[in-house]
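In what follows, chains are A, B, ... by sequence order, proteins preceding strands, each numbered from 1.
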Amino acid sequence: MEFKQQVISALQPVLGDNVDVATLTKLIEVPKNSEMGDYAFPTFILAKSLHQAPQQIATDLVAKIDQAPFEKVVATGPYINFFLNKAAFSQVTLQEVLTQKQTYGDQDLGQGKSVPIDMSSPNIAKPISMGHLRSTVIGNSIAKILTKTNYQPVKINHLGDWGTQFGKLIVAYKKWGSEAEVKADPITNLLRYYVKFHKEDVAHPELDEEAREWFKKLEDGDQEATALWQWFRSESLKEFQKIYDMLGVEFDSFNGEAFYNDKMDEVVNLLAEKHLLVKSQGAEIVDLSKYNLNPALIRKSDGATLYMTRDLAAAIYRKRTYHFAKSLYVVGNEQSEHFKQLKAILKDMGYAWADDIIHIPFGLITENGKKLSTRQGRVILLEKVLNDAIDLAKQQIEAKNPTLANKDQVAKEVGVGAVIFHDLKNDRMDNFDFNLEEVVRFEGETGPYVQYTNARAQSILRKSGVSVPDTAEVGLDDPEAWEILKLLNDYPNVVQRALAAYEPSVIAKYSLHLAKSFNKYYAHTRILVDDGQLTAKLRLVKAVSTVLENALGLLGVASPEEM
RNA sequence: GACACAGUGGCUCAGCUGGAUAGAGCAACGGUCUUCUAAACCGUAGGUCGUGAGUUCAAGUCUCACCUGUGUCACCA
């Protein structure tokens, strides 16, 4: 960042009043090809006011610029290209990374403000699928990015532990289930009952009526219904916890839908007080036509509340409890209309903080182009995917590094890392069709590639047998090292971009770039030879490893030291 | 039908706030392990950036229209 300032300072005096600092800062860019320089200033905008060709302007300006702080400044066509002083840049960058270690890239953007994140949110009695993986790992990564920029994330697992599906589940359990089955394998069997219910109710619509009755009982606190609900919930949570442990994700709250049951009346009353509630076809709705949105259902004709009612209660509860700066919802893109409605209603209720409600949508995972559906039993079980990935990682280790210590631990870190990284490396809005081979790939642009790169760096540091000094003179002048140094210097900026867009993929892509540039360097430069630059090279290696581990950490991916 | 998201080489995707010959990875073909982990590196081949207008000195990037795909559209979440 401060190096860009050098460029600005050099240009300002020669530009005079022609360009103000703000536009100047905006115009300065990084050339695509680093052979053209480290920063560039395009002169087109001056052409009109100076009545000269941009090429001519560039040449004239270069002659006037104080070149002292730079390696060189040259005019290339209409561009002024700045080449930074590599020694100074390397010195500053390496020292920053090595002294700040894992705090490198930390920034106080949030001043400790609280940011609840609604994430993961699986449904009780249903398995965690690939769809939940997205919400879980995106939310988890955003939480880590928030912490790094001094916000205080609150990870909320808004469990789907209420709703008419529990009526269905109770009916199905009573008709076709057994206690022994549920105890043996809760999720599998509960899901089986649920799927069977949906098959049967096509021919026997009276089942739906029964389910509605049982859910009503549950809402009214009926003992049998409540006991079953609680049992299903606790068995399910135990199963979920296994997966969260594998993923290394922890939550600050498991307040799900049921938690808001006693907070619904207040919402309905508030809406009524503000005359926002309208009767329509027996139901109570909020009209949102002025926002060009469909009406939002608050209460069904039978008096039961809905998803929207609950989310309103949750939003208000979170504002009161956490006094949030922003309230995030990592929920699939197919629900974007819902969140628009939610914000619109909160705004109509007079809450200025409605604007701080932020939906972070993500694309759909399909299988053979079709949407996954628990109801139809078309589901990709996350646990199975993770286990498959771990098995494949284990095979890979046996083949490539059979003498490795704690193989099982590393296999877990690599396998799970592959799955998480695969999910985070692309723009979160991209849809993707599930393909196991693709997800657990270890070569090319993958998590294991980044992990492997770091393991190589760690290996060198181990074998060097020396402790690398945080401060020392550096004199790395080959272009491959220079690429790495520029990337290292860019990291804080990358973190900032990831935060601004709520995009873990920005971090993931950066880690791939850094890994790639290091592998290139590694392939062409022998590090462990004393050529007078040994210390400098080791410092570079250590800095790369530090930042790779940091970046992987922000994604929730482990960094094994050997693999 | 309305709204939302997407449309870049065979496949999967990059391309930050519009800027200099559009970049990777898979897959294909060829090369590199007696030397720091070949989960790597190097090279070859492959693209009218959905289509058509417009704004601009400059458009993959902004605007509009259209085409295609996916999703959503009141008593599920």
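- Using a 30° and 60° split on the angle between ring planes, A:Phe166 and A:Trp229 fall in the perpendicular class, above 60°.
- Counting any heavy atom pair closer than 4.0 Å across all strands shown, A:Gln396 reaches a base atom.
- Side-chain atoms of A:Asn519 stay outside donor-acceptor range of the base of B:A39, with no qualifying N/O pair under 3.5 Å.
- The A:Arg497 side chain lies nearest to B:C16 when the options are B:C16, B:C42, B:A4.
- Under a cutoff of 6.0 Å and an axis angle of 45°, A:Arg428 and A:Tyr502 do not form a cation-pi pair.
- As the counterpart of B:C36, no nucleotide is assigned, since no Watson-Crick or G-U wobble pattern has both distances under 3.5 Å.
- The residue A:Pro31 sits close to a base: some heavy atom pair falls under 4.0 Å.
- Nearer the 5' end of RNA chain B, as judged by each residue's closest nucleotide, is the contact made by A:Tyr521, out of A:Tyr521 and A:Thr366.
- Rounding to whole angstrom units, NE2 of residue A:His338 and C1' of B:U72 are separated by 13 Å.
- Within the 4.0 angstrom heavy-atom criterion, only backbone atoms of the sugar-phosphate kind lie near A:Tyr449; the bases stay farther away.
- Between the C1' atom of B:C36 and the OH atom of A:Tyr522 lies a distance of 5 Å, rounded to the nearest Å.
- Remark: A:Thr76 is not in phosphate contact with B:A20, judged by side-chain N or O atoms under 4.0 Å from OP1 or OP2.
- Across B:U37, B:C36, B:A39, the shortest atom-to-atom separation from the side chain of A:Glu562 is found for B:U37.
- Nearest nucleotide to the side chain of A:Leu306, out of B:C42, B:G25, B:A77: B:A77.
- Nucleotide B:G71 holds its C1' atom 11 Å from the CD atom of A:Gln335, rounded to whole Å.
- The phosphate of B:A38 has OP1 or OP2 within less than 4.0 Å of a side-chain N or O from A:Arg456.
- Mapping A:Tyr307 and A:Leu528 onto RNA chain B by nearest heavy atom places A:Leu528 closer to the 5' end of the strand.
- Residue pairs meeting the salt bridge (Lys or Arg N to Asp or Glu O under 4.0 Å) criterion with at least one partner in residues 523-535 of chain A, sequence neighbours excluded, are A:Asp531-A:Lys537.
- Under a 4.0 Å N-O distance rule, the pair A:Glu337/A:Lys340 does not qualify as a salt bridge.
- Among the protein residues, A:Thr525 comes within range of the nucleic acid bases, having at least one heavy atom under 4.0 Å from a base atom.
- Shown here, B:C67 is classed anti by the O4'-C1'-N9-C4 or O4'-C1'-N1-C2 angle, which is more than 90° from 0.
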